[in-house]
Amino acid sequence: MPLSSNTNYKEHDFNGIPSTTHGYAALAPGNRASMDSSGDTSHPRAAAQQSLDLIEHLMDQGSEPAIIPPHERPRISSLKALGFSGSDSEVLEQAYKENPQLVARVSSSAAMWTANAATVAPSCDTTDGRLQVVPANLHCHPHRNLEADMSEIIFRKIFEALVESDGAVIHDPVPSHDQTGDEGAANHMRFAARHGDQGLHVFVHGKNHSYPAAAKPHIHPARQDFAASKALVRKLKLSPENVIHVQQNPVAIDTGIFHNDVIGVNNLGAFMVHEIAYEQHDRAINAIRKEFQGQLHLLVARDLSLEDAVNTYIFNSRIVLLPNGKMQLLASEHCQANPRVMAYINKIVSDPNNPITEVKFFDLTQSMENGGGPACLRLRMVLSQEEKAAMNGRMFVDQTMLGELRSWVDRNYREDLTPAELADPQLLNESRTALDELTQIMELPSLYEFQR
Ligand code: SUG
């Protein structure tokens, strides 16, 4: 039976859109690209168009991609919470004078990496038969921790009708604490024979405070806590027999692999993974092999170093299931510069024994320079047709909407942006105009603080 025959449930990529303030501010220690791009001039318009290129490609293949709107940036309320006062432009100016990094933080476009927005369990997997969404607390870095409340607001708005009809539950995030950091779907994989079948959920953590003897990274922070992953399982209403927890290899974290989605990616049973992705790697893989009821296509990279993984983001590719039942790999162009990575990709696409038949490369330079590849830029949601139809607003992009989004970007996004320009009150106005227009394009009710 072709993989696409289970038509009631489909997987949709909810793509992130960069903000008008997209920039490089070295805000994410442990993420080497973020540190290396520090202070560079950014290109917000190109960043947004590059995200739309991915969306356009998905549409051309017959997929039904959606978008998640960017958050309000600069977020003036966060500066006011730190005691800055006066008009919004005065607040921005004072904060910049005192500490430019504060303005960079509240201007960060990081919500574009929607793989970190939440962890989602489809209704076909949950014990109460409802779609479950837990927004991530993103505790580890302050510029990302700012995202949690807004992500929750967005999910509540877009799933409002489903929540009211008892078809979905939007949770509050796991409490934000040093022992309960949660980075969302970037540390979660769902294996299933078909998207509408019961899935096996694999949660990957980097640290475990209740087990001090566990191996730990020494150079970079581990972001995902075991206690948070355990809380997610409870909140998502997953049965323990459908769940596996594995620890990420701390050596990988110390090499700059700050999420599982930089070292492994799967769709259904197709699983591309580095040979030392996990602590007690073979045991972790064997557990997945044993518990997964479908056919596992284990595509292990044996001739790639962890450096190759960090430099190319090969494991941050998307594996997408096309309506014709085949799978396509969407990878960053960075992969093309590395012969070992290309050999791995070519081996996969030329092997008829796995479902991945093609690869497409994308110029995602603007996101990659902050450590975000194709997979970071999307949150996957497996939805039934009824759930999809019940969503509020215009979330799914069609050709007309794509055209509207492209010209919206051209109209509102600057071509270049220097770090000092983040304090420009004019940029604040431009950003609000852009978000106001976007909520209209998406037919969403008022979302943002400045709209309330
Ligand atoms: O959290 N970069 C993001 C990249 C997130 C990628 N997401 C996944 N792998 N799922 C992060 O490290 C850099 C921002 C800056 O430095 O300006 C940043 O936040």
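Counting starts at 1 for both ligands and their atoms, following the listed order.
At under 3.5 Å, not a single nitrogen or oxygen of E183, backbone or side chain, sits near a nitrogen or oxygen of ligand 1. Remark: ligand 1 and W113 share no N or O pair separated by less than 3.5 Å (distance only, no angle test).
Distance CE/M381 to CE/M391: 5.5 Å, rounded to 0.5 Å.
For residues 16-54, every residue pair satisfying the ring-ring contact (aromatic ring centres under 6.0 Å, His included) rule, not counting sequence neighbours, is listed here: H22-Y24.
No more than 12 heavy-atom neighbours from other residues, nucleotides or ligands sit within 6.0 angstrom of CD on E98. Enclosure of atom CG in N99 by more than 12 non-hydrogen atoms of other residues, nucleotides or ligands within 6.0 angstrom is indicated.
Using cut-offs of 30° and 60° for the angle between ring planes, the F315 and H274 rings count as perpendicular.
The proximity of R223 to ligand 1, defined as any non-hydrogen pair under 4.0 Å, is limited to the side chain. Contacts between L27 and ligand 1, counted as non-hydrogen atom pairs separated by less than 4.0 Å, involve both the backbone and the side chain. The proximity of A26 to ligand 1, defined as any non-hydrogen pair under 4.0 Å, is limited to the backbone. When heavy-atom distances to ligand 1 are checked against a 4.0 Å cut-off, N31 comes that close only through its side chain, counted from C-beta outward.
Ring to ring, Y313 and H334 are not that close: their centroids are 6.0 angstrom or more apart.
Of the protein's non-hydrogen atoms, R144 NH1, 3.4 Å is the one closest to atom 5 (C) of ligand 1. Looking at atom 10 (N) of ligand 1, its nearest protein heavy atom turns out to be D261 OD2, 2.7 Å. C376 SG, 2.8 Å is the protein heavy atom nearest to atom 8 (C) of ligand 1. From the protein, the heavy atom lying nearest to atom 17 (O) of ligand 1 is A25 N, 3.0 Å. Of the protein's heavy atoms, H143 NE2, 2.6 Å lies nearest to atom 19 (O) of ligand 1. Distance from atom 2 (N) of ligand 1 to its nearest protein heavy atom, with residue and atom name: N370 O, 3.0 Å.
Atoms of ligand 1 found under 4.0 Å from any heavy atom of A186, numbered from 1 in the order shown, are 10 (N). Near G371, meaning under 4.0 Å from one of its heavy atoms, ligand 1 places the atoms 4 (C), 6 (C). Those atoms of ligand 1 with a heavy atom of G23 less than 4.0 angstrom away are 17 (O). For ligand 1 and S34, the ligand atoms under 4.0 Å from any heavy atom of the residue are 13 (C), 15 (C), 16 (O).
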Inset, instruction - Apply the test ring pair (Phe, Tyr, Trp, His ring centres under 6.0 Å) to residues F226 and Y211: give CA-CA distance (whole Å), side-chain angles for both, the deciding distance (0.1 Å), then the verdict. - result: CA-CA 10 Å; F226 177 64; Y211 180 39; 9.2 Å; no
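Ion pair R32/E307 flagged as a salt bridge, since at least one NZ, NE, NH1 or NH2 atom sits closer than 4.0 Å to an Asp/Glu carboxylate oxygen. Ionic pairing of D125 and K237 is not present here: no N-O contact between side-chain nitrogen and carboxylate oxygen is shorter than 4.0 angstrom.
Residues satisfying the side-chain contact (heavy atoms from CB on, under 4.5 Å) criterion with D225, sequence neighbours excluded, are K207, H209, A228.
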